[in-house]
Amino acid sequence: MTKYIFITGGVVSSLGKGIVAASLGRLLVSRGYSVSIQKFDPYINVDPGTMSPFQHGEVFVCEDGAETDLDLGHYERFIDTNLSQINNVTSGSVYQTVINKERRGEYLGATVQMIPHITGEIKSRLTLASKRNNPDILIAEVGGTVGDIEGLPFIEAIRQFRSEIGFQNSMSIHVTLLPYLPTSGELKTKPTQHSVNVLRSYGIQPEMLVLRTQVPVSKAEKDKIALFCSTNKDSVIECKDMKSIYEVPLYLEKQGMTEQVLKILGLENREPDLSSWANLINKINNPKKELNIAIAGKYTELNDAYISVVESLKHAGFQNDAKVNLKWIASEEINTDDEARAHLSDVDAVVVPGGFGVRGIEGKLKVVKYARENNLPYLGLCLGMQCAVIEFARNVAGLENANSTEFDKNTPYKVVDLMEEQKNIAGYGATMRLGSYPCKISEGSKAKELYGADLILERHRHRFEFNTEYKEQLTNAGLVISGTSPDGLLTEIVEYPNNDFFVACQFHPEFKSRPQNPHPLFDGLIKTALKQKED
Ligand code: GLN
């Protein structure tokens, strides 16, 4: 039977509960337990796919095409397991299911209510996640902060669920903030006490507390918190800010967190195998080289908007013993070739990531042009591939004003256009080309060299595609199409072979990179940049 760990947050949001959940997942996996992680998001959007990245950060895409919260990216990266739609539950999706059932008459005349119908649906998602993945342990993280009105149905559902499955089969971990007051040099525990009180007022007594803090927490402070919050002293765990998020599992492990968790759940404590993770941390902390890599995008004020891209660059850096320094470039600030040069002359490689809408596009095209003309290693992701195609069409193949119809409906050369099946779609939610699709790799290409495979699977999230009508013109001008759908109709990867590394893909490789297994395209970018630097 699956055991459950419920993680809630208190005092403030953005505490890094996702990293705590993911880290605990890693620690349990390292003891041979199978783990799945589910995120409950209290907002009413059915999924985050319709939210601006400025609002909510990146939309993480799973193999099955689920558009999910960015925490699922952390989960996948830490526990090294693919997750799916069932791992991300929003209030919107719960309400939608309940309302659809009501419309079909499935409640047989009942008054449909928050309790038991909404809470019942939340509980059934928990059961479904454990049935689907059949893990030894399911970690369920509730987004937001305890006390938020919108999070209440989730907390109530968890309270009921715990009672129904037997309290020995689950536990509650509350993650809170210990603010540090520099004037008095004190860590304050009162907000944590209040937050635990709120959680208790909903009927949940947390068995463990994780304290987010800037500075170490003394034994006396931990004991005081245990006393006032009615937890065991060994179950008050400190989680200090770390240089790298990947250090968190070992930091928690050192305090005996996993042992306590297993004890509370009545599971055997096995010897953990954390040697490869410790090697990773060693690599992270002892880089031998350094690289400056630019990310030229639209949502650069909020780094979370590109979190998987950032992590993928770091992973490839770890593998190559290189520290990756990021330089954020707001593409809308680049209007001329000179401005592109000014921004890019001090970097070793550039990535143009995914995005939507016309804002900043001309600047991205200048970035691509600079990279192509100056042999600056270039990796284009989704929109970054579409920009590479447009730039090449305009400046190499001579198709003046070529564009994507996303940005200019009247362009004379629609080198990027809506897919046929997208033309009649009306709504915006979950209607893109989403999730994992196969891609055939051409012999002799850079992609073949990097992947070392003829057929790969990569995750997608886009509406527009390379327009095959221009295939001949662009390839005659020197663009190489090195990856296509198996039927050859959709272009998946383009390259410019005159450069050391100019690769752009229609899919999002950043969703498949793992800290101990970097993605080949990111690895290739970093290796090329390092080689150029050495030469
Ligand atoms: N806006 C482009 C499209 O919809 C690219 C999407 C993306 O980069 N994810 O096709």
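Just so you know, ligand 1 is whichever comes first in the structure, and atom 1 is the first atom listed for that ligand. Note that the coordinates shown come from a computational prediction; the quantities given were computed from them, not determined experimentally. Just so it is clear, the values below take in all heavy atoms, side chains as well, and ignore hydrogens, waters and symmetry mates.
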- request: Only counting residues at least two apart or in another chain, list the ones meeting side chain to side chain contact (heavy atoms under 4.5 Å, CB included) with Ala305.
  value: Pro53, Tyr299
- prompt: Hey, is the main chain of Pro515 close enough, under 3.5 Å, to the side chain of Lys314 for a donor-acceptor pair?
  reply: no
statement: The residue among Tyr413, Phe502, Tyr496 that forms ring-ring contact (aromatic ring centres under 6.0 Å, His included) with Phe392 is Tyr496
task: Report yes if the distance between the aromatic ring centroids of Tyr451 and His519 is under 6.0 Å, otherwise no.
output: yes
- prompt: Which protein residues have a heavy atom closer than 4.0 Å to any atom of ligand 1, listed by chain and number?
  reply: Gly354, Gly355, Phe356, Cys382, Leu383, Gln386, Glu406, Arg461, His462, Arg463, Phe464, His508
- prompt: Is the count of non-hydrogen atoms from other residues, nucleotides or ligands lying under 6.0 Å from Glu469 atom CD greater than 12?
  reply: no
- prompt: With side chains defined as the heavy atoms from C-beta onward, is the minimum distance between Leu418 and Arg463 less than 4.5 Å?
  reply: yes
